[in-house]
Number of protein chains: 2
Amino acid sequence: MGVAERKERHKEDLKKDILTAAKQLFTEKGFEATSIRAIAEKIEYSPATIYLYYKDKNEIVHALHQDGFNLLMQHFSKIDFSQPAFARLIALGRAYMQFAFEHPDVYALIFSMKEPMQHVAECEKEWHEGDRAFSMLYKTVEACKEEGYFKHMESVGLSFIIWSTMHGLCTLHKTGHLEHMALSCAEVTTLNMDVNALLDHNFETFVNLLEKLKN
Amino acid sequence: MGVAERKERHKEDLKKDILTAAKQLFTEKGFEATSIRAIAEKIEYSPATIYLYYKDKNEIVHALHQDGFNLLMQHFSKIDFSQPAFARLIALGRAYMQFAFEHPDVYALIFSMKEPMQHVAECEKEWHEGDRAFSMLYKTVEACKEEGYFKHMESVGLSFIIWSTMHGLCTLHKTGHLEHMALSCAEVTTLNMDVNALLDHNFETFVNLLEKLKN
DNA sequence: CAATTTACTAAACACTGTTCATAAAATTTT
DNA sequence: AAAATTTTATGAACAGTGTTTAGTAAATTG
């Protein structure tokens, strides 16, 4: 039946429309400030209609969570993979930071919210997107070892530490903690840097630190 | 006038009562789930009364922000400062983690929320608590240098990197990202660890990394 | 004792996520 | 083609949120 198919397609379309509207509003106004009513208004349907396509707001968040990870992987795919492993690792870090600041709400959604992760845990179904992203980091770390880096260091733990450092740096920047320190903290103001310079400086310090772990 | 003083004291008392009620509810039910109405009910006043003592919810959050930092410093003060600098740095890291998991809501309040930091920035008045905490880390890093650690590394940048790593580790744990990886990610499950073991392992890996930066 | 200031609150406003009975459209059956 | 049925969409309501305002009760002052 072609008719049933067309209807099914139409339903799928509306599901996607809700998602794109939600995504747009999330990145415009932020996650907390986006209401179901606002999403409904954007797609010109009633708020109740949203609930015919998504169980609740968390399910919408979860759908965007998936999208967000695909976007992150897309950012990673721009990296030149013919580089040596260590240069690749640094490029990965830079791409991560770039992603965090180009898509702050998407970043917050996939890395700073607990709700979508709870959804993943409850769903019990695998979460390839997240695993693939970590796997990418892990394999790069392993490859670095063949270049003489990180000898006698456990790769999973080190991968987590690198991820944590990047995540910490990005989040402390976005909450304004870095900015405060750059402006007010006596120990930091001696460097005479603005927030972005401080962020770059910190990243460079991290690169410098990792470089010392060769041989 | 003794009367005016007593009244003033009574007013200050009520301000503190609001704060302790808010603190209790925040740690019980979490920040988002705590309403002005609930705080009002706990102190047996009307919701509108709260607004006679605090401009809005953010001002309450800011007051707790200050308290939270004092609590953190209190945790730090338990550290044995007669230890060598590097051991002190590790102890500082452990105390930080302990604080993050003993007081998850306070931690989120002071390190993961942007609202109280905006308040600090708008107030223009100095924020000694935060500066002192960072200063402590910075001075310990500097002291480590005299023990042969972190040679030719810029101390402010390194301090931020260490803070970022700890912050990243704590937040990724609390969002459930660590837990997911420990359960589902092929590269991680080979370690056969539960979440807490993985967290400890990651911290140990970090300590191991820092130890390699001697001489 | 009356006037005034201070302390407090009930009620309302404009929101939020979510549910449910009802209405409208589309499809299937008669 | 008309009637019955299923699918799709919604208005209105529920219980909650932060916040403002107008008005009341209590305490202080003249």
(request) Under the side chain to side chain donor-acceptor pair (under 3.5 Å) rule, what do B:Y53 and B:Y45 come out as? Steps first, then yes or no, please. (result) CA-CA 12 Å; B:Y53 295 88; B:Y45 278 83; over 6 Å; no
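- When the P atom of C:dT9 is taken as reference, atom CD1 of B:I50 falls 10 Å away, rounded to whole Å.
- Side chains of A:H167 and B:T171: a donor on one and an acceptor on the other come within 3.5 Å.
- In this structure, A:Y53 reaches the D:dA9 phosphate: one of its side-chain N or O atoms is under 4.0 Å from OP1 or OP2.
- For A:K57, taking side-chain heavy atoms from C-beta onward, the closest of the listed nucleotides D:dT20, D:dT10, C:dG17 is C:dG17.
- Summarising the geometry, atom CH2 belonging to B:W163 is positioned 10.5 Å from atom CG belonging to A:L169; distances are rounded to the nearest 0.5 Å.
- For A:Y51, no side-chain nitrogen or oxygen approaches OP1 or OP2 of C:dG17 to under 4.0 Å.
- Positionally, the nearest nucleotide of DNA chain C for A:T34 lies more toward the 5' end than for the other of A:A48 and A:T34.
- A:K55 places its NZ atom 17 Å from the C1' atom of C:dC20, with the value rounded to the nearest Å.
- Atom CD in A:E59 sits roughly 15 Å away from atom C1' in C:dG17 (whole-Å rounding).
- In the set C:dT18, D:dA9, C:dA10, D:dA9 carries the atom at the smallest distance from any side-chain atom of A:Y45.
- Side-chain atoms of A:N202 and A:H173 include no donor-acceptor pair closer than 3.5 Å.
- Across all strands, B:S35 comes closer than 4.0 Å only to sugar-phosphate atoms, never to a base (heavy-atom distances).
- For a distance-only test at 3.5 Å, the side chain of B:R37 qualifies as a donor-acceptor partner of the base of D:dG18.
- Overall, the helix from C:dC1-D:dG30 to C:dT30-D:dA1 carries an axis bend of 30° between its ends, with five pairs at each end and the value rounded to 10°.
- Considering only the side chain of A:L52, D:dA9 comes nearest among D:dA9, C:dA10, C:dT18.
- Looking at A:R94 and A:E204, a side-chain N of the basic residue comes within less than 4.0 Å of a carboxylate O on the acidic one, giving a salt bridge.
- Under the 3.5 Å distance criterion, with hydrogens and angles disregarded, no donor-acceptor pair is assigned to the side chains of A:H119 and A:E59.
- A close approach under 4.0 Å does occur between a side-chain nitrogen or oxygen of A:T49 and OP1 or OP2 of D:dT10.
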(request) Would you check, one step at a time, whether the test side-chain contact (heavy atoms from CB on, under 4.5 Å) holds for A:H65 with A:E129? (result) CA-CA 10 Å; A:H65 191 255; A:E129 292 81 1; over 6 Å; no
